[in-house]
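Chain identifiers are assigned alphabetically (A, B, ...) following the order of the sequence lines, protein sequences preceding nucleic acid strands; residue numbering begins at 1 within each chain.
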2 protein chains.
Amino acid sequence: MEGLPTLRDVARKSGLAISTVSAVCRGKGAFYHISPKTQARVLRIAEAIGYRPNQLAVSLKTGVSRFVPVLGRTYRVPITQERQHNIAQLLTQQGFQVLLYDFHWFDRQEKNLLASVREIPFAGLIVSDLNEPRLHQELWPLWRKVPCILVDSGQPAGFDHVYLDRHQVAYQAARHLLQHGYQRIVYTIPEGRNYWLLNERRRGFIKAMKEFGKTVGQENFVWVNPKPGCSYQLGLEIGQKIIRNRPEAVMALNDQLAIGLIRAFSEKGLRVPEDIAVVGSENLPEGQFCQVHLTTVDFLAEKVATEVVNLFRKRLAGDWSDFPKKIVVSPQIVVRRSCGCLGQKTLEVADEKERKQ
Amino acid sequence: MEGLPTLRDVARKSGLAISTVSAVCRGKGAFYHISPKTQARVLRIAEAIGYRPNQLAVSLKTGVSRFVPVLGRTYRVPITQERQHNIAQLLTQQGFQVLLYDFHWFDRQEKNLLASVREIPFAGLIVSDLNEPRLHQELWPLWRKVPCILVDSGQPAGFDHVYLDRHQVAYQAARHLLQHGYQRIVYTIPEGRNYWLLNERRRGFIKAMKEFGKTVGQENFVWVNPKPGCSYQLGLEIGQKIIRNRPEAVMALNDQLAIGLIRAFSEKGLRVPEDIAVVGSENLPEGQFCQVHLTTVDFLAEKVATEVVNLFRKRLAGDWSDFPKKIVVSPQIVVRRSCGCLGQKTLEVADEKERKQ
DNA sequence: CTGAAAGCGCTTACAG
DNA sequence: CTGAAAGCGCTTACAG
């Protein structure tokens, strides 16, 4: 830190007062009627010695911070990485300083994380993937009328929340399968976990099944225990087990798991989608490039990120009129080959027919 | 930011002077002979009103910053994400505030990135994946006797540099193939790029080939154009093309590409490794779980991250005795099934035999 | 048009 | 043991 040029250095070099130089550097030269000649000289000197305002001092003085901690759970989870990346990019491009934290670094010590975050005055907070309601409480001491946007985080009371509609994820996938005549459908779902976004998936699945006159029981779920970075292999393992029960279609928790499933089925001589269909969710790039191109439900990370940052800026601008707000982003099914449909157009026609019957 | 409790609030509540409270909060109570009773009272009050020292003010006053910008190129590149994650975790756990930047956000406007970084006084800098020598120059104005550790970044003059040995990556992979009798080996290498780490790979490849009495020509390279997130499919495409020339073994630029290759070969009825061998590099989790478990060269992201952070802290502690230092981390071959070896032990025996001949 | 002065929240000698 | 004072680098009325 030592030796960075300061406003005083520029003032001394230019023979002007600090306040004059400050005004020019902030672009307020015209406002203070400082002559263009003087302004140009100041700017030239500042440039020459490499002066940049010290944001720490600026923040301290003005009480306005540009720091935005972005907390999430991204380790080896491509879809959350993608979203986090998009959020950070938007914030950075808009002049914020992004402090990135991963819950994975703290391992059940989220309090340490939050304590560390509290030491720097921030413009606001973005918190993703916080499913445990008890942790929502922890956020309160951090949060004093400064924007705090939760993302994909259960049902936080008294917080703005932007999330991707998991009910729709499951509903769209199941409906798509049912429309194509698949009857015995199973859904791979993490076991022993019970958070809201997951329940939403279950509910969406059940709703679609009911609409097609089917009941849902234990036999429609396959309990899995996903670990970061290993979804693909989990799909392989689960796929081998599932085969015994001969379902007609599988809804995978995510794309990597789906790709693993497809692999497992092929190895056992089953054809996808003729013998068994697979639908993923997330829409990662690899889904376009596996052996059977994956039909999946796009999580629209970029759209979610945009909504998050827009809401964040709205709050920062002082508009709390609709607080607390829920923004629900609807996912979008992407039809490729893994469930035997013929393309979106054809699908819609089939859909129409079905309704008329 | 408004309304955060300050030292003054604690002082007023406790009826003590600000400096006394400050001493206690910094754990310097004993040093100043402040009575335990007083200390306990101060701490209790601070806790009660949720006081935390404002790091911006602390930095400004002491001239010591805990901010560490970590720059890199991680978008949809699992291996750099892994390394970045490890570095950020170590730094955060050691009390630094990590500012994460991705070159991808700036798209040829790295100057904007650096300008933004310069506005906050930092403890030091970690810069990864900066292969263009012209950009090394840009770092100089940022860097005034504050640690700046480059990672996997070409051959920066006058900077500390920690990198994974790409020469070894290619050498180990090629040698492994040659030891198993594979003759016609091709290496998939990005085309139209010419940076040092890539050249190191070429050199390592050539060295191994020479050691086995083989010459290397254009026919030993397959030029590819990798895009983030699409390596898997690139492998599929390239695999289909490569088949025409019937090589016996392929060294893939990375694991995802390797997995794609294996897929492509299988689809054409070639058996891996009986008909054609594939070696990856990076050692991502998925390599353990693809159809043929991938033999690959581990990039040891965690080890690299540890070296980076250790060197960073050494510099921060004022020890510049060995500056500028190069730390070269050697990768490690991970033998699985995709090149037909029988396991590390057997391999080494084969190796010995070969040398004796 | 320009400059002197106060103060953001803290730490650090230094005086009592 | 405790407190008054200066100052980190900046911004912002306000006086000239």
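Partners of B/R66 by salt bridge (charged side-chain N to carboxylate O under 4.0 Å, His left out), not counting sequence neighbours: none found. Partners of B/Y51 by ring-ring contact (aromatic ring centres under 6.0 Å, His included), not counting sequence neighbours: none found. Applying the ring-ring contact (aromatic ring centres under 6.0 Å, His included) rule to A/H85 yields the partners B/Y75, B/H104, B/W105; only residues at least two apart in sequence or on another chain are considered. Among residues two or more places apart in sequence or in another chain, the side chain to side chain contact (heavy atoms under 4.5 Å, CB included) test is passed with A/V117 by A/P69, A/L71, A/Y101, A/L113, A/F122, A/L125, A/L142. Listed by chain and number, the residues in a salt bridge (charged side-chain N to carboxylate O under 4.0 Å, His left out) with A/R12 are A/D9 (sequence neighbours excluded). Taking A/E119 as the reference, B/R52 meet the salt bridge (charged side-chain N to carboxylate O under 4.0 Å, His left out) condition, with sequence neighbours excluded. Listed by chain and number, the residues in a side chain to side chain contact (heavy atoms under 4.5 Å, CB included) with A/S128 are A/R83, A/Q84, A/V151 (sequence neighbours excluded).
Separating the P atom of C/dC1 from that of D/dT12 is a span of 22 Å, rounded to the nearest Å.
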| B/S/- contact track for nucleotides 4-11 of chain C, protein heavy atom under 4.0 Å | B--BBBBB
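Atom CZ of B/F31 and atom P of D/dT2 are 15 Å apart (whole Å).
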Pairs under 3.5 angstrom only: tabulate donor-acceptor contacts from the side chains of residues 308-317 of chain A to other protein residues two or more places apart or in another chain.
from	atom 1	to	atom 2	distance (Å)
A/N310	ND2	A/T306	O	3.4
A/R313	NE	A/Q94	OE1	3.2
A/R313	NH1	A/Q94	OE1	2.9
A/K314	NZ	A/D322	OD2	2.8
A/R315	NE	A/D160	OD2	2.7
A/R315	NH1	A/D319	O	2.7
A/R315	NH1	A/D322	OD1	2.9
A/R315	NH2	A/D160	OD1	3.0
A/R315	NH2	A/D322	OD1	2.9

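Here B/T20 does not reach the OP1 or OP2 of D/dT2: none of its side-chain N or O atoms lies under 4.0 Å away.
Ring centers of B/H161 and B/Y163: under 6.0 Å apart, within the cut-off.
Residue pairs that meet the salt bridge (Lys or Arg N to Asp or Glu O under 4.0 Å) test with at least one member in residues 19-44 of chain A, sequence neighbours left out, do not exist here.
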| Base-pair map of DNA chain C as dot-bracket, where | denotes pairing with a different strand and pairs are Watson-Crick or G-U under 3.5 Å | |||.||||||||.|||
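The stretch residues 32-40 of chain A comes close to DNA chain C through A/Y32, A/H33, A/I34, A/S35, A/T38, each having a heavy atom under 4.0 Å from the strand.
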